[in-house]
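Here the structure is laid out as structure tokens; the discussion comes afterwards.
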Amino acid sequence: MISQNKTFMQPKRVIVPLYTQNKLEILIDENSDVSIGQPLMTTAQAIVYSPVSGKVQKVLKNRDKDNDLSFHAVIENDHKNTVHPSISKLTTEALIIRYFQGVHRLESLLYTSDFPIIINTVFTNEPFVSLDPKFMEENSEILYKTLSQLHTLFPFKEILILTKEETAHYFKDFVDLPTKVEIVEPEKQKDYAYKRVNSYFNEALVKKRPYQYLTMDSILKLHDMITEHRPFIFTYVVISGDAVKQQARYKIRIGTPYSSLKRIFQGYTTEKPMTMTLNALLENISIMHESYSITHDIYSIHIQEHREYEQYDCISCGRCNSHCPVGIFPSKIMHYANQNIYLESMQSHKCIDCGLCSYVCPSKINVMAFVKDAKERIRRKKL
């Protein structure tokens with residue numbers, strides 16, 4: 001659990017990845033003025049907009065967090081927080097539909113009536129970092145207000161709040177909402193939100209059925225969008241690991257360069273080789289450079305001294321199978337993969353890369369790596 005919270009919302013400049021190498025798709029030029037919410041590109045799967053108001057210093061090529069080379073906009077922050085005029089013309093409903101993006105990979109908001117939603121108040125990085133109960137004490141009123149406003153715009157059939165026993169009393173006054181509170185015990189390795197999503201929405205992750213699921217980080221972003229009537233401009237990032245001097249949960253302006261953030265957590269505790277992992281540790285998304293900036297979908301940066309873990313033989317305990325939220329058998333897929341056998345009948349394509357199979361393995365085997373390899377080999381075989 002990370003209990004310390006810090007804020008860094010006013011960097012001198014931001015660097016926004018534009019995810020393109022085609023300069024014709026870029027809407028801004030050097031020395032042009034921009035404001036919050038102003039689109040920076042003509043084409044993108046999600047709107048790429050300015051998280052600050054200020055002046056464009058330059059547009060240059062840089063490597064992003066995925067190590068892809070693309071154009072980036074370097075914007076000097078004028079600290080005025082001027083919102084683009086087009087935003088005021090949008091209704092709150094249109095603003096959310098147009099600009100909201102979930103923090104975590106599996107989050108989903110369908111903008112539809114008469115559909116349940118799960119709110120995860122336990123984890124910020126499942127299953128490693130849980131939220132401090134004091135955090136829920138400070139933010140339960142915001143959760144209530146935001147859910148009330150969302151329910152007015154997109155009425156929910158039911159609101160299922162996942163919470164730990166010590167924080168359940170914060171939701172007893174949500175009586176005018178269709179709220180159901182469920183106590184979870186994630187320490188017992190059985191109550192992860194992924195499994196709840198899959199069972200509550202009738203195997204949504206397995207059968208790719210629609211579902212609605214949000215974390216507290218996204219609730220806070222939605223609250224900012226609604227109250228300030230602007231696209232969200234911040235994200236929450238947990239900085240952790242034995243190589244970090246100040247481990248904390250940071251509220252950070254989107255676009256903040258990692259180099260600026262490093263000064264805030266006061267750098268590293270070691271000069272030895274380190275490993276930097278973004279988001280869920282079990283996804284093994286390591287980054288080899290420090291020239292990236294914070295985007296809306298970065299919620300965890302874990303930095304530790306590089307070490308090799310000793311792996312033992314599989315003892316066929318079956319824990320990876322029982323914890324799989326989509327109901328496949330990771331151990332069997334792994335054993336077949338060791339024999340260079342890849343069977344479609346094992347349904348490795350259903351894997352959602354949550355990593356719970358590796359997390360619960362007493363032999364410290366990266367089971368998920370075998371499942372991902374099998375999934376990729378079968379996919380390539382079909383192409």
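Looking only at side-chain heavy atoms (C-beta outward), L261 and I239 come within less than 4.5 Å of each other. Taking the side chain as every heavy atom from C-beta outward, R253 and I233 approach each other to under 4.5 Å. Here the side chains of P39 and V48 are not in contact, with every heavy-atom distance at 4.5 Å or above. Between L220 and Y236 there is a side-chain heavy-atom pair separated by less than 4.5 Å. Under the 4.5 Å side-chain criterion, counting only non-hydrogen atoms from C-beta, V238 is in contact with V129. Looking at heavy atoms from C-beta onward, Y19 lies out of side-chain contact with D68 at the 4.5 angstrom threshold. Contact of the I47 side chain with the R98 side chain is registered, since non-hydrogen atoms from C-beta on lie closer than 4.5 Å.
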T163 and T167: side-chain hydrogen bond (donor to acceptor under 3.5 Å, both in side chains), yes or no, with the steps? CA-CA 6 Å; T163 186; T167 55; 2.4 Å; yes
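Looking only at atom types and distance, the side chain of Y213 has a donor-acceptor partner in the side chain of N120 under 3.5 Å away. There is no side-chain donor-acceptor pair under 3.5 Å between D297 and Q101. A donor-acceptor contact closer than 3.5 angstrom is absent between the side chains of S70 and N62. There is a side-chain donor-acceptor pair under 3.5 Å between T215 and E107. Between the side chains of S300 and N279, no donor-acceptor pair of N or O atoms lies under 3.5 Å.
In terms of heavy-atom proximity, M9 sits nearest to I252 at SD-C, 3.9 Å. Smallest separation of non-hydrogen atoms from I96 and M225: CA-CE, 3.9 Å. The nearest pair of heavy atoms linking F115 to P210 is CZ-O, 3.5 Å. Shortest non-hydrogen contact noted between I298 and V237 is O-CG2, 3.4 Å. Residues A168 and V181 approach most closely at CB-CG1, 4.4 Å, considering heavy atoms. The minimum heavy-atom distance between Y111 and Q212, with the atom names listed, is N-OE1, 3.7 Å.
Ring-plane geometry between H289 and Y292 is classed as perpendicular, the angle between the planes exceeding 60 degrees on a 0 to 90 degree scale with a lower cut at 30.
At most 12 non-hydrogen atoms from other residues, nucleotides or ligands lie less than 6.0 angstrom from NZ of K332. The number of heavy-atom neighbours closer than 6.0 Å to CZ of F123, taken from other residues, nucleotides and ligands shown, is above 12. No more than 12 heavy-atom neighbours from other residues, nucleotides or ligands sit within 6.0 angstrom of CD on E165. Within 6.0 Å of OH in Y336 there are 12 or fewer heavy atoms belonging to other residues, nucleotides or ligands.
Every pair passing salt bridge (Lys or Arg N to Asp or Glu O under 4.0 Å) that includes a residue from residues 142-154 is listed here, sequence neighbours excluded: E141-K145. Listed by first then second residue, pairs satisfying salt bridge (Lys or Arg N to Asp or Glu O under 4.0 Å) with a partner in residues 75-90 number zero, not counting sequence neighbours. Within the structure, the salt bridge (Lys or Arg N to Asp or Glu O under 4.0 Å) test picks out the following pairs touching residues 234-245 (sequence neighbours left out): D242-R307. Within the structure, side chain to side chain donor-acceptor pair (under 3.5 Å) contacts touching residues 226-235 (residues at least two apart or in different chains) are K221-T235, D224-R230. For residues 51-64, every residue pair satisfying the salt bridge (Lys or Arg N to Asp or Glu O under 4.0 Å) rule, not counting sequence neighbours, is listed here: D33-K55. A ring-ring contact (aromatic ring centres under 6.0 Å, His included) check over residues 81-105, counting only residues at least two apart or in different chains, returns the pairs Y49-Y99, H104-Y299.
Here the options are P330, C324, P325, the test is side-chain contact (heavy atoms from CB on, under 4.5 Å), and the partner is L356; only P325 passes. The side-chain contact (heavy atoms from CB on, under 4.5 Å) with F156 is formed by just one residue from the set I117, T112, D114; it is I117.
A salt bridge between E137 and K134 is absent, with no side-chain N of the basic residue lying under 4.0 Å from a carboxylate O of the acidic one. In this structure, K180 pairs ionically with E182, as a charged nitrogen and a carboxylate oxygen lie closer than 4.0 Å. Taking 4.0 Å as the cut-off between side-chain N and carboxylate O, E203 and R209 do not count as a salt-bridged pair. A salt bridge between D353 and R105 is absent, with no side-chain N of the basic residue lying under 4.0 Å from a carboxylate O of the acidic one.
To the nearest 0.5 Å, atom SG of residue C361 and atom CD1 of residue I315 are 7.5 Å apart.
Residues satisfying the side-chain contact (heavy atoms from CB on, under 4.5 Å) criterion with S108, sequence neighbours excluded, are L110, Y211. Partners of D313 according to the side-chain hydrogen bond (donor to acceptor under 3.5 Å, both in side chains) rule, which considers only residues two or more places apart in sequence or in another chain, do not exist here. Listed by chain and number, the residues in a side-chain hydrogen bond (donor to acceptor under 3.5 Å, both in side chains) with T179 amount to none (sequence neighbours excluded). Scored by the side-chain hydrogen bond (donor to acceptor under 3.5 Å, both in side chains) test, H302 finds S240, Q304 as partners (sequence neighbours excluded). Under the rule for a side-chain hydrogen bond (donor to acceptor under 3.5 Å, both in side chains), Q149 has no partner lying at least two apart in sequence or in another chain.
Judged purely by atom type and a 3.5 angstrom limit, S260 has no side-chain atom pairing as donor or acceptor with the backbone of T256. A distance-only check finds a donor-acceptor pair linking the side chain of T152 to the backbone of S148 [under 3.5 Å].
Annotation: cation-pi geometry not satisfied between K195 and Y192 (NZ/CZ under 6.0 angstrom from ring centroid, within 45° of ring axis).
Applying the under-4.5 Å side-chain rule to Ile, Leu, Val, Met, Phe, Trp and Tyr, the cluster around L60 extends to I15, V74.
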